[in-house]
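Quick note on labels: first sequence line is chain A, next is B, and so on, each numbered from 1.
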Protein chains: 2
Amino acid sequence: MALPNGPVVTSSEAEAVLFDLVDVYDRAYEAAAAGLSLSSAQACVLGRLDERRGMGALAEELGCDASNVTQIVARLEALGLVTRETDPRDRRARLVARTPRGDEVNHRFATAFTFARTAVGRLAPDEQDQLTALLRKALG
Amino acid sequence: MALPNGPVVTSSEAEAVLFDLVDVYDRAYEAAAAGLSLSSAQACVLGRLDERRGMGALAEELGCDASNVTQIVARLEALGLVTRETDPRDRRARLVARTPRGDEVNHRFATAFTFARTAVGRLAPDEQDQLTALLRKALG
DNA sequence: GGATTTACTTGAGTGAATCAAGCATCATTG
DNA sequence: CAATGATGCTTGATTCACTCAAGTAAATCC
């Protein structure tokens, strides 16, 4: 998604701010990735490889088709950011892991994606707790 | 975007909840659109046509290339949800407007996309105000 | 040891998005 | 008022994300 998941009609102010937040967040994420010549999806996958894991686990976690993961990982592999090796325990499975360059790029991404950090940082500690509690409640 | 714009490392709890919110929001939006056989982008554009407007204005508002809007609007037009007429005042420009069917689909979308409404609804009125204030502050 | 399930890949197809070019119309101004 | 240039949109070429349907290969299960 690049287009904002925008308001049809926002009845309450809170809804409008929520939408705003989501929009800005998504754009910031994409921009941070683009700064490293990555797509959002690539940055996302890279970020979930702190430990090596299988394609299936990734697909599950990302909530998308395994073939989609295959394709994204293939591109990351072509960029030299990731390796994909056959699991010796189960030779059907492939274990995906970041390369050192992948680690570095991932770290630079984490540094570049300042939005959430910055936003939260604008709040005092007790406000951060309030926000957390309110969002948890809102999420049900 | 369908993959979550996920946490590389979330240092604070507030950041983690923020990410969660964005993820769930985006998925809910996409699901609501999919329920009407629309893409997120299509639903988004449709939702911004309460008044007829030009392609350029849409592109500006959505923060994307005009040619992208051309393409999305063309699909909406093919679905009979939108018309695209030459502006009599400036015959280069096209005015995009929802058809009656477009209105109806848009309305059904607004009904189907319950996430923001529901989430906010889980909060008491004063909590909603707190949330609004906190998010505004966080957004800077 | 043959059927089934599991883990992933491949292929075909759609849509979003971008960039570069093109075309038509409007606006300027020389 | 005609040439020039800017504006508004479309077209074409590409890339990527995503899904679904099929395929392959390795495990698992009688």
Side-chain angles (χ1 to χ4, degrees), chain A residues 1-6 26-27 29-31 33-46 52-79 81-97, chain B residues 1-6 26-27 29-31 33-46 52-79 81-97:
Chain A
M1 171 202 41
L3 295 202
N5 282 340
D26 283 337
R27 285 179 195 279
Y29 195 94
E30 190 167 19
L36 299 166
S37 302
L38 295 179
S39 67
S40 292
Q42 288 167 349
C44 172
V45 169
L46 203 57
R52 47 147 64 172
R53 66 215 305 156
M55 309 294 282
L58 277 172
E60 167 93 13
E61 186 172 339
L62 300 174
C64 73
D65 198 276
S67 62
N68 193 24
V69 175
T70 294
Q71 179 247 101
I72 294 167
V73 167
R75 282 192 257 269
L76 287 173
E77 196 180 29
L79 293 171
L81 303 179
V82 137
T83 60
R84 192 171 24 168
E85 309 182 335
T86 302
D87 183 346
R89 280 160 170 42
D90 180 347
R91 317 221 342 241
R92 295 169 297 182
R94 324 288 307 273
L95 290 174
V96 188
Chain B
M1 171 202 43
L3 295 201
N5 282 339
D26 284 336
R27 286 180 195 280
Y29 195 94
E30 189 166 19
L36 299 165
S37 302
L38 295 179
S39 67
S40 292
Q42 288 167 351
C44 172
V45 168
L46 203 58
R52 49 149 61 172
R53 65 213 308 153
M55 310 293 284
L58 277 172
E60 167 93 11
E61 186 172 339
L62 301 175
C64 73
D65 198 275
S67 62
N68 193 23
V69 176
T70 293
Q71 180 246 102
I72 294 167
V73 166
R75 281 194 257 268
L76 287 174
E77 196 180 28
L79 293 171
L81 303 179
V82 135
T83 60
R84 193 173 21 168
E85 309 183 334
T86 302
D87 184 347
R89 279 162 172 39
D90 180 347
R91 318 217 347 237
R92 295 168 298 182
R94 324 288 310 270
L95 290 174
V96 188

Donor-acceptor pair present, B:R91 side chain and C:dT25 base, under 3.5 Å: no
Atom pair distance, as rounded to whole Å: CD in B:E60 and C1' in D:dG8: 13 Å
Rounded distance (nearest 0.5 Å) linking atom CZ of A:R84 with atom CG of A:L95: 12.0 Å
Rounded distance in Å - CG (A:L79) to P (D:dT15): 14 Å
Rounded interatomic separation in angstrom, taking CD from B:E85 and C1' from D:dG8: 17 Å
Sugar-phosphate only, base, or nothing, as touched by A:D90 at under 4.0 Å among non-hydrogen atoms: sugar-phosphate
Derivation of the side chain to side chain contact (heavy atoms under 4.5 Å, CB included) call for B:I72 and B:Q42: CA-CA 6 Å; B:I72 294 167; B:Q42 288 167 351; 4.2 Å; yes
5′-ward residue of the pair A:S39/A:R89 relative to DNA chain D: A:S39
Validation row: A:L79, A:L38 side chains within 4.5 angstrom (heavy atoms): yes
Candidate nucleotides C:dT9, D:dA25, D:dC9, ranked by approach to the side chain of A:R92 - the nearest: D:dA25
Pair of N/O donor and acceptor under 3.5 Å linking C:dC19 base with B:S67 side chain: yes
Within-4.5 Å side-chain heavy-atom neighbours: B:L62 and B:V45: yes
Contact under 4.0 Å: B:R94 side-chain N or O vs D:dT10 OP1/OP2: yes
For atom CZ of A:R75 and atom C1' of C:dT10, their distance in whole Å: 14 Å
Gap between atoms CD and C1', on A:Q71 and C:dA7 respectively (whole Å): 18 Å
Flag side-chain contact, heavy atom, 4.5 Å: B:R94 against B:D87: no
Under-4.0 Å side-chain N/O to phosphate OP1/OP2 contact, B:R84 with D:dT10: yes
A:L58 CG - C:dT6 C1' separation (whole Å): 17 Å
Between P of C:dG13 and CG of A:N68, the distance in whole Å: 18 Å
Whole-Å gap separating P (C:dT25) and CE (B:M55): 17 Å
A:D65 side chain, from C-beta outward: closest of D:dC20, D:dA17, D:dG8: D:dC20
Sugar-phosphate only, base, or nothing, as touched by B:Q42 at under 4.0 Å among non-hydrogen atoms: sugar-phosphate
